[in-house]
Amino acid sequence: AQERTLSIIKPDAVAKNVIGEIESRFEKAGLRIVAMKMLHLSNEKAEGFYAEHKERPFFKDLVGFMTSGPVVVQILEGDNAITANRDLMGATNPKEAEAGTIRADFANSIDANAVHGSDSPESAAREIGYFFADDEICPRG
Ligand code: CMP
């Protein structure tokens, strides 16, 4: 089924200057970018995005990392986009990520893990709405 998912290129990957290489992997896999913006997250914006992890021991480091530099936020659209994006990203911990995945190739640690992708249709809907208004999304068929 056609789906949309929210993807974030995190500060470590932006700093490595591999935005284009990562976008290229999405495009080569048949995912279409239907919205995108670059922004430097405030503490409030990052905390709200990761609200479900609020009680986790890594929450403070996660927010600190995600606000440490600019990120690129985008909506990817395509067949089974949520799973397709997660397959391209690889495991959350880059040490466990399969060869050839984005995290295996570009990430350094579980915090600086290059990319985020929605993990379910419910989180995709919430995360897309968290960053994009309807008139910022450009369906491309
Ligand atoms: P992300 O997909 O952006 O969602 C939450 C992030 O928390 C995750 O990627 C990791 O970068 C980070 N994180 C740090 N420690 C952990 C952990 N022990 N388990 C899961 N996520 C973690």
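Remember, it's 1-based here, ligands and their atoms both numbered in the order they're listed. These figures come from a predicted structure and were not determined experimentally.
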Exercise. Can you hop from Ile102 to Val73 via hydrophobic side chains spaced under 4.5 Å?
Worked result: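 Per the 4.5 Å side-chain linkage, Ile102 and Val73 are not co-clustered.
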
Exercise. Among the clusters formed by ILVMFWY side chains lying less than 4.5 Å apart, do Ile128 and Tyr50 turn up in the same one?
Worked result: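 Yes: a chain of side-chain contacts under 4.5 Å links Ile128 to Tyr50.
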
Starting from [atom], what is the nearest protein heavy atom, named by residue and atom, and what distance separates them?
atom	value
atom 8 (C) of ligand 1	Thr92 CG2, 3.8 Å
atom 11 (O) of ligand 1	Ile110 O, 2.6 Å
atom 14 (C) of ligand 1	Asp111 OD1, 3.3 Å
atom 6 (C) of ligand 1	Leu62 CD1, 3.6 Å
atom 19 (N) of ligand 1	Phe58 CE2, 3.7 Å

Hey, is [X] one of the residues with a heavy atom under 4.0 angstrom from ligand 1?
X	answer
Arg103	yes
Lys10	yes
Tyr50	yes

For this session: Any pair with a residue in residues 34-55 that passes salt bridge (charged side-chain N to carboxylate O under 4.0 Å, His left out), sequence neighbours left out, goes on the list, sorted by first then second residue, please.
Result: Lys37-Glu136

Exercise. Is Met89 touching ligand 1 with its side chain, its backbone, both, or neither, if touching means heavy atoms under 4.0 Å apart?
Worked result: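 Neither part.
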
Problem set entry | Listed partners of Phe58 passing ring pair (Phe, Tyr, Trp, His ring centres under 6.0 Å), at least two apart |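 His53.
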
Using atom types as modelled and distance alone, determine if a side-chain donor or acceptor of [X] lies under 3.5 Å from a backbone N or O of [Y].
X	Y	result
Arg126	Phe49	yes
Arg103	Gly90	yes
Asn113	Thr92	yes
Ser123	Asp119	yes

Seminar exercise, completed: Taking only non-hydrogen atoms of Asn113 and a 4.0 Å limit, the atoms of ligand 1 in range are 9 (O), 10 (C), 11 (O)

Problem set entry | His116, any N or O under 3.5 Å of ligand 1 N or O |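 In this structure, His116 places an N or O atom under 3.5 Å from an N or O of ligand 1.
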
